[in-house]
Number of protein chains: 2
Amino acid sequence: MRRPPTTTYAILGMLTFAERSGYELGKLIEISIGYFWSPAKSHIYAELRRLVELGWATQHEVEQDHRPDKRVYTITEKGHAALREWLNDPEVEPETFRSPLLLKLFFGDLMDPGALHAQIAEAKRQAEELLAELKAVEGRIEHEDSLRFPYMTLRCGLAHARATRRWARDTLKGLEERSAS
Amino acid sequence: MRRPPTTTYAILGMLTFAERSGYELGKLIEISIGYFWSPAKSHIYAELRRLVELGWATQHEVEQDHRPDKRVYTITEKGHAALREWLNDPEVEPETFRSPLLLKLFFGDLMDPGALHAQIAEAKRQAEELLAELKAVEGRIEHEDSLRFPYMTLRCGLAHARATRRWARDTLKGLEERSAS
DNA sequence: GTCGACATGTAACCAGTTACATGATTAA
DNA sequence: TTAATCATGTAACTGGTTACATGTCGAC
């Protein structure tokens, strides 16, 4: 039996902080690992079922007042062991990065200059938006020693958002200089 | 009929420089758009067949001496129009970025410190390798005015490789300081 | 009464990868 | 003769998304 896909371990890892329902995991992932690993909502529920099948988590229903009932998942010792085995495996799967914007830019000769400029400007705006978002998170977690490792991943995001913003700025400038002459 | 996936346009775009066979496209993509858009070999052949079906390219066999024959694809005027329509569409699909390394780091508390250090160190090594590769490409194309737009995409790759290297360096330092105390 | 947050899923689809299969030609 | 490059694909799989479906509960 092959090792399950990375998303399985992502969900499993999120259960190490506390037992949670699929819905709660979705909200949590969105503001944490979602920046570099973001499964669809329906995918989360599917993975939770797989975790139970594997014996890596157990489920139990929680009746709630004032809210619909929920199904809460708890990591097992077997799950912990599987997670550690994956974490310590020196073989790390390669990152994937795909950028439709860079792809378009590569063919920039064929583009309407106005459309190109607008699309890079929009990328710059998005980088700035992301940067503001990440800075806000940083303010909240930088001194939380228990979030030391999440903070390191945040620093990576900040570095890349800044690199993107600067690149977009420079590229726009280059585009404008050329169109002016 | 919906718009075909981005990979279709990637292949189509590569045909604007010259008519090419699937094999030639594979080699070319690897050293150009492959850094931010890299279809599998078999996928390239499949997309070429789709281009012909759509009337966006035509194919013809080329008999070769000293080498196996090949099937060469040429972009049509209809293909050019479709490509421009896609390029100028202000709606750009979002980038996707997935990092198993950051995912592991997020759960760093559960890792063996040695394994974590080794995995970040390996990421740093990979960033340096990529950086060297991109710098070599830069030296070859920076003054080629016809490669102005590809050069802009290269600058983005350089910025990100440098950001990754610096982040990995800083992170390793943080890890070492902590383990020393 | 309707909107939004809470809550869980199914079914259909699809983009893309992996492994496999085949064969020509050239250079060591 | 063996490896490397040139050359083209098929078939099976799979990881993952999208759209849909359903319903609870509280607040306005």
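Keep in mind that this is a model prediction, so the values were computed, not measured. In what follows, chains are A, B, ... by sequence order, proteins preceding strands, each numbered from 1.
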Exercise. Would you mind telling me which of D:dT24, D:dT18, D:dC6 lies closest to the side-chain atoms of B:R67?
Key: D:dC6
Quiz item: Just to confirm, is there a sub-4.0 Å distance from OP1 or OP2 of C:dT8 to any side-chain nitrogen or oxygen of A:Y45?
Solution: yes
Exercise. Check whether the side chains of A:E47 and A:T7 place a donor and an acceptor atom closer than 3.5 Å, and report yes or no.
Key: no
Quiz item: At what angle, to 10 degrees, do the two end axes of the helix from C:dG1-D:dC28 to C:dA28-D:dT1 meet, given five pairs define each axis?
Solution: 20°
Quiz item: Counting side-chain heavy atoms from CB outward, which of D:dG16, C:dA7, C:dT26 is closest to A:Q64?
Solution: C:dA7
Quiz prompt | Donor-acceptor pair present, A:S42 side chain and D:dT17 base, under 3.5 Å | solution = no
Quiz item: Looking at the side chain of A:R2, which of D:dT14, C:dC6, C:dT17 is the nearest nucleotide?
Solution: D:dT14
Exercise. Would you indicate which nucleotide in D:dT17, D:dT14, C:dG16 comes nearest to any side-chain atom of B:T7?
Key: C:dG16
Practice problem: Considering only NZ, NE, NH1 and NH2 on the basic side and carboxylate oxygens on the acidic side, decide whether B:R3 and B:D89 come within less than 4.0 Å. | Solution: yes
Self-check item: Donor + acceptor pair across side chains of B:H117, B:S179 (<3.5 Å)
Solution: no
Exercise. Would you mind telling me which of D:dG16, C:dT17, D:dT10 lies closest to the side-chain atoms of A:P5?
Key: D:dG16
Quiz item: Choosing from C:dG16, C:dA5, D:dC6, which nucleotide comes nearest the side chain of A:Y23?
Solution: C:dA5
Practice problem: Using a 4.5 Å cut-off on heavy atoms from C-beta on, say whether the side chain of B:D170 contacts that of A:R155. | Solution: no
Practice problem: Choose from D:dT18, C:dT17, D:dG9 the nucleotide whose nearest atom is closest to any side-chain atom of A:A40. | Solution: D:dT18
